[in-house]
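For reference, the structure is listed below as structure tokens.
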Amino acid sequence: MAIRVMIVGGNFVGKGAEAMMLTVQQAVTEAIPEAECWVNPLFKSEYIPLEKHDIRVVRKLPSKMWGLWEFLLGAVKVYRKPAVGRNVSSGVALKNVHDATQVVVDVSGFRSSDQIGVQRALGRWARYCWAKRAGNLFVFMPQSWGPFKNRWVRLFTRFMLRDADLVYAREESSFEHLVESKCLQPSRVELSADIAFAFHPDSPGESRQILSDMGIDIDAKEYVVITPNMRVYERTAGEGKNNTYLSGLLEVIGYFQEQTDCEVLLVPHEQSIGKPNDPQLCEKIVDLVPDSGQVFTLSGKPTAAEVKEIISGAAFVVASRYHSLVAALSRRVPAVVIGWAHKYDALLKRVNLERWNVDPVRGEAHGIAAMVEEGWNCRDEIRATIEDAVPELEAEAGEALARMVEVVKKAGGASAEND
């Protein structure tokens, strides 16, 4: 029987979620060719790309109301569902998987925190209850955790992690949040860099063609990548060009237009359906910048591998998306950050680049353009620092993937013994 692995937290909405999901799938199938990876997609539009990557798709979902009653009745032992594979992304049975999945690999970037809230903390714990009852082992790959000041968020997170087989935090602060809140003992939490450091970019030919089709001649001019973040825009004061984050980005673009010959490429990193996201923010930016023929937006639906290769060819990156920073660092491209969460600070600290960050949510927007200009002028120094620091992070990501694979093998062995 093939080992069945449920990957939770991966999708094709965000390039980071896509990169982590595919990195896990590749590591599992390279080590265990007969393994099957499963995902419950957020949208039907993800079915085709998932199947293209040989990832099995959970298609049929029962009503949410029955799922709730099923959980409550099971919790008080009135009703017990037979042990079948559970999709912990939705808490429902895998209708087209006849036998139990053996292991759940969670690649969520940031899903458990006071910022996320009590309702989601409860839902996440409840779904892992189902998975545990179905006999799954759990691996939480490197992600951000906490803080856990809210007693209920803390309690549900503690319950969720109680039965985990392997838990990673990707920053020291996340490690401390888990330990200080007593969600886990220090011996049960591992610290590792994000596994997207191990994600492979596409071939240079593909990215070159994408850029050429847009009108960017990479042989004639350098280009700078900017990854705008709608969530940062929403968290800062003002609307349109009066928004402190957006006005800072406009100043940055103006600098590259006026003081350099570089093309500026806006790269939307997240494209959720049903709410404003990065593509809409890129549209706002393009509408507000002077038309010099230097500013482009990456449109369509490029893959995470294509985006990483496009970032690889950039002369410089201004990152407001975490995984665009990971992509730049892993490809040794000099980068600066306009961030909003501790995960940016922590990663920059790991690579000795903590000075190259401005947080407009903390009221630092006035310094955006000056920091980016200084970073551009110091890009050779930044690149050298990256080259010295990043190999250690890549080694950590590789070790985390190897240990995840060992849990998958262990789950498969236990299943075989039960058979």
Side-chain angles (χ1 to χ4, degrees), residues 6-11 13-14 16-17 20-21 39-40 42 61 63-76 81 86-92 103-134 136-186 188-191 194 231 234-235 270 272 274-275 322 340-343 346 361:
M6 176 59 65
I7 304 176
V8 173
N11 56 64
V13 172
M20 292 187 291
M21 173 179 66
V39 167
N40 177 31
L42 296 172
L61 308 180
S63 72
K64 291 182 180 179
M65 185 57 69
W66 169 242
L68 174 62
W69 278 109
E70 196 178 28
F71 170 70
L72 293 174
L73 291 171
V76 297
K81 185 77 173 178
R86 284 280 165 182
N87 174 0
V88 300
S89 181
S90 65
V92 301
V103 61
V104 175
V105 179
D106 191 310
V107 297
S108 303
F110 187 36
R111 198 66 66 85
S112 291
S113 163
D114 292 338
Q115 291 173 266
I116 305 301
V118 175
Q119 184 176 355
R120 291 189 179 182
L122 170 60
R124 200 178 187 199
W125 166 59
R127 291 189 286 271
Y128 274 97
C129 284
W130 282 123
K132 182 63 179 178
R133 289 175 60 202
N136 286 271
L137 301 183
F138 304 153
V139 178
F140 291 87
M141 296 304 283
Q143 53 192 273
S144 297
W145 300 92
F148 300 112
K149 301 294 185 183
N150 184 294
R151 62 181 296 186
W152 295 109
V153 173
R154 182 169 64 247
L155 184 66
F156 294 139
T157 303
R158 186 181 302 163
F159 287 166
M160 179 183 71
L161 297 178
R162 181 173 52 194
D163 296 318
D165 296 274
L166 184 60
V167 179
Y168 278 99
R170 66 183 178 192
E171 311 96 9
E172 288 185 6
S173 56
S174 291
F175 181 97
E176 291 168 0
H177 288 319
L178 286 171
V179 172
E180 290 173 1
S181 64
K182 298 183 180 179
C183 288
L184 280 176
Q185 294 296 319
R188 294 195 58 218
V189 189
E190 303 289 341
L191 189 62
D194 195 287
R231 304 291 82 81
E234 292 170 344
R235 286 173 168 83
E270 188 167 307
S272 296
K275 66 178 180 179
Y322 181 82
W340 66 278
H342 72 272
K343 59 185 179 181
V361 178

Residues in side chain to side chain donor-acceptor pair (under 3.5 Å) contact with T157, at least two apart in sequence or another chain: none
Partners passing side chain to side chain donor-acceptor pair (under 3.5 Å) against S108 (at least two apart in sequence or in another chain): D106
Heavy-atom pair of closest approach, residues [X] and [Y]:
X: S174; Y: S144; result: OG-CA, 3.4 Å
X: H342; Y: G146; result: CE1-O, 4.3 Å
X: F140; Y: W145; result: CD2-CH2, 3.8 Å
X: A121; Y: V153; result: CB-CA, 4.1 Å
X: M21; Y: I7; result: O-CD1, 3.9 Å

Could you tell me if the side chain of [Y] sits less than 4.5 Å from the side chain of [X], heavy atoms only?
X: K132; Y: F138; result: yes
X: Y322; Y: F110; result: no
X: M141; Y: V105; result: yes
X: M6; Y: N136; result: no
X: E270; Y: V13; result: yes

Measure the [atom1]-[atom2] distance between [X] and [Y] for me, rounded to the nearest 0.5 Å.
X: F156; Y: Q119; atom1: CZ; atom2: CD; answer: 11.0 Å
X: R120; Y: S112; atom1: CZ; atom2: OG; answer: 11.0 Å
X: R111; Y: Q143; atom1: CZ; atom2: CD; answer: 8.5 Å
X: L122; Y: R127; atom1: CG; atom2: CZ; answer: 9.0 Å

Flag, side chain of D114 to backbone of N150, donor-acceptor distance under 3.5 Å: yes
Donor-acceptor contact below 3.5 Å, side chain R188 vs main chain A164: yes
Residues forming a ring-ring contact (aromatic ring centres under 6.0 Å, His included) with F159, sequence neighbours excluded: W125
Trace of the side-chain contact (heavy atoms from CB on, under 4.5 Å) decision for E172 with L191: CA-CA 7 Å; E172 288 185 6; L191 189 62; 3.7 Å; yes
Show me, pair by pair, the donor-acceptor contacts under 3.5 angstrom made by side chains of residues 177-186, not counting sequence neighbours?
{"unit_1": "S181", "atom_1": "OG", "unit_2": "H177", "atom_2": "O", "d": "2.6"}
{"unit_1": "S181", "atom_1": "OG", "unit_2": "L178", "atom_2": "O", "d": "3.2"}

Set of salt bridge (charged side-chain N to carboxylate O under 4.0 Å, His left out) partners for E234, sequence neighbours left out: R231
Residue pairs passing the salt bridge (charged side-chain N to carboxylate O under 4.0 Å, His left out) test where at least one lies in residues 148-164, sequence neighbours excluded: none
